[in-house]
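Order of listing sets the numbers, starting from 1, for every ligand and every atom in it. The first residue in the sequence is number 1, and the count goes up from there.
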Amino acid sequence: MLESNKTLSDLASDARSNLKSTFGVDSTLVAAAPGRVNLIGEHIDYCDGFVLPLAIERYVVIAARPNDSSTARIGSTGLDPIELDLSDRQEIGTPKWSNYLRGVIQGFLDLNYAIPGFDAFIVSSVPLGAGLSSSAALECCFATLLEGLVDTVLPTADKALLAQKAEHDYARVPCGIMDQFTSTFGVKDHLILIDCRSGEPEMVPFPDPSLSIIVANTDVSHDLSDGGYGERRKDTEDGLGLIAKESWRDVTMNDVYAKRDEMGDRIFRRSRHVVTEIARTMEAVEAFKTGDFSNIGTLMAGSHRSLRDDFEVSCDELDLMVGLAKEIGFEGGVLGARMTGGGFGGSTVTLCRTANTDAIATQMHERYQEETGIKPLLFATRPGIGAHLI
Ligand code: ADP
Ligand code: MG
């Protein structure tokens with residue numbers, strides 16, 4: 001069962017009509033920004049590695065109108081509207097979701113913009129907490145709305161960094177730059193290769209409409225995720241320390257083997273994941289650049305195995321979902337599948353033939369539900385469009 005993606009114009013209509021019914025006004029501005037999914041390059045963003053995400057055709061959309069005051073009144077589907085004073089420094093507050101917005105407002109105040117009061121309503125087709133970065137979509141959409149309200153256009157990277165700072169300082173999530181870069185830089189028919197050492201994004205063409213990505217949300221999230229992330233980061237720092245090099249980018253498998261005894265089994269396996277995942281990601285980029293996908297299934301499967309066995313961030317549900325895609329196989333239109341995101345739950349990505357997406361998703365859905373009793377969310381996507389005013 002493939003869930004269809006609402007079009008941007010339907011989402012914009014929803015946001016406009018909610019603005020009208022909540023605050024009684026018609027919008028003068030509508031902003032949109034996508035969620036994202038990472039195709040390959042997992043848990044190496046904090047190791048100077050590469051990530052290869054794409055914006056998904058799932059968006060946060062905000063409709064707004066200035067209100068001749070110094071206050072923002074903001075609603076979001078299913079939540080009580082909030083009021084924020086725009087004339088003063090933003091403090092962390094309640095409800096929790098308001099902090100993403102407070103952080104973005106503060107980013108504009110730091111740049112010395114005076115933000116006029118406004119009413120706004122937020123709608124979204126990015127599932128929350130599924131590892132698809134609804135939080136970055138919210139920040140980047142809201143930052144784009146504020147650009148419109150103060151009549152400016154920030155350089156794209158600056159806007160992404162402003163949104164990331166909001167997530168760091170106000171939501172207290174120490175995220176890398178992938179989510180906000182993807183939500184702002186997203187371009188139709190392109191993947192985004194981010195070099196996490198230089199912080200530079202590079203667009204990688206993904207023009208062939210006969211290929212799509214199925215995102216499958218396992219709808220589980222295991223408690224391990226908080227501590228697990230910090231522990232993995234620490235393990236990679238320890239590994240690099242033993243190898244005594246500046247950056248993982250300069251490390252080869254020979255370096256890792258040379259320190260195997262000193263590392264012990266766990267740090268050895270963590271280190272092997274980092275070095276091999278960087279290599280797999282570079283190979284995958286070659287595949288997308290040349291259009292030769294003969295190797296892509298092996299690379300995605302290798303990434304999944306490495307995350308499961310060496311980095312130990314997968315879980316039964318992710319392994320099951322990836323296994324179901326693999327069972328369908330090349331004849332059924334599946335080119336490759338792997339877990340995506342931080343792990344311990346969340347979503348998988350399956351690269352597949354567009355013509356087969358319905359049949360693939362139906363089979364994955366049915367079999368996953370049989371095995372787990374959970375109804376997973378599955379949708380197909382091509383690269384979406386980065387943050388913009390509609
Ligand atoms: P993810 O970014 O992977 O979806 P997070 O936990 O980082 O998961 O972010 C989810 C949080 O972002 C939600 O709990 C909520 O606070 C906020 N959020 C995301 N989308 C919206 C929205 N449309 N309206 C209000 N808050 C939202
Ligand atoms: Mg998030």
- Are the ring centres of Phe311 and His43 closer than 6.0 Å? yes
- Message: Need the ligand 1 atom indices (1-based, order shown) with element for anything under 4.0 Å from a heavy-atom of Gly131.
- Response: 3 (O)
- Query: What protein heavy atom sits nearest atom 7 (O) of ligand 1, and how far away is it?
  - Reply: Ser135 OG, 3.2 Å
- Note on the structure: Restricting to heavy atoms, the pick from Trp97, Tyr59, Tyr100 nearest atom 11 (C) of ligand 1 would be Tyr100
- Give the numbers and elements of all ligand 1 atoms closer than 4.0 Å to a heavy atom of Ile122. 23 (N)
- Assess the side chains of Glu147 and Thr152: does a donor N or O sit below 3.5 Å from an acceptor N or O? no
- Query: What protein heavy atom is closest to atom 14 (O) of ligand 1, reported as residue, atom name and distance in Å?
  - Reply: Lys96 NZ, 3.6 Å
- Message: Are Tyr229 and Phe344 an aromatic pair, judged by ring center distance below 6.0 Å?
- Response: no
- Message: Any protein heavy-atom neighbour for atom 18 (N) of ligand 1 (distance below 4.0 angstrom)?
- Response: yes
- Message: Checking a contact table here: which protein heavy atom is nearest atom 21 (C) of ligand 1, and how many Å away?
- Response: Leu138 CD2, 4.0 Å
- Cation-pi check, Arg102 onto Tyr170 ring (under 6.0 Å, within 45° of axis): no
- Check whether any side-chain N or O of Asp255 sits under 3.5 Å from a backbone N or O of Thr252 as a donor-acceptor pair, and report yes or no. yes
- Do Asp319 and His304 have side-chain atoms, one donor and one acceptor, less than 3.5 Å apart? yes
- Message: Go through it in stages, so that I can follow the logic: the residues are Ser212 and Thr354, the test is side-chain hydrogen bond (donor to acceptor under 3.5 Å, both in side chains), and I'd like the CA-CA distance, side-chain angles, deciding distance and then a yes or no.
- Response: CA-CA 5 Å; Ser212 290; Thr354 305; 2.7 Å; yes
- Item | Donor + acceptor pair across side chains of Ser306, Arg280 (<3.5 Å) | yes
- Query: When the ring centroid of Phe288 is compared with that of Phe206, is the distance short of 6.0 Å?
  - Reply: yes
- Task: Among all protein heavy atoms, pick out the one at the shortest distance from atom 13 (C) of ligand 1; state its residue, atom name and that distance to 0.1 Å.
- Result: Leu128 CD2, 3.8 Å
- For ligand 1, which atoms, with element, lie under 4.0 Å from some heavy atom of Ser76? 22 (C), 23 (N), 24 (N), 25 (C)
- Message: Only heavy atoms of Leu132, strictly under 4.0 Å: list the atoms of ligand 1 that pass.
- Response: 3 (O)
- Quick one: look up the protein heavy atom nearest atom 4 (O) of ligand 1 and list residue, atom name and how far away it is. Ser134 OG, 2.6 Å
- Near Ser133, which atoms of ligand 1 are under 4.0 Å from a heavy atom of that residue? 1 (P), 2 (O), 3 (O), 4 (O)
- Task: Compute the minimum heavy-atom distance from Leu79 to ligand 1 and say whether it is under 4.0 Å.
- Result: yes
- Query: Which ligand 1 atoms are under 4.0 Å away from a heavy-atom of Ser124?
  - Reply: 23 (N)
- Message: Could you check whether Arg58 makes a cation-pi contact with Phe379, meaning its NZ or CZ is under 6.0 Å from the centre of the six-membered ring and within 45° of the ring axis?
- Response: yes
- Look at the N, O or S atoms of Ser135, main chain and side chain alike, and state whether any lies under 2.8 Å from the Mg ion (ligand 2). yes
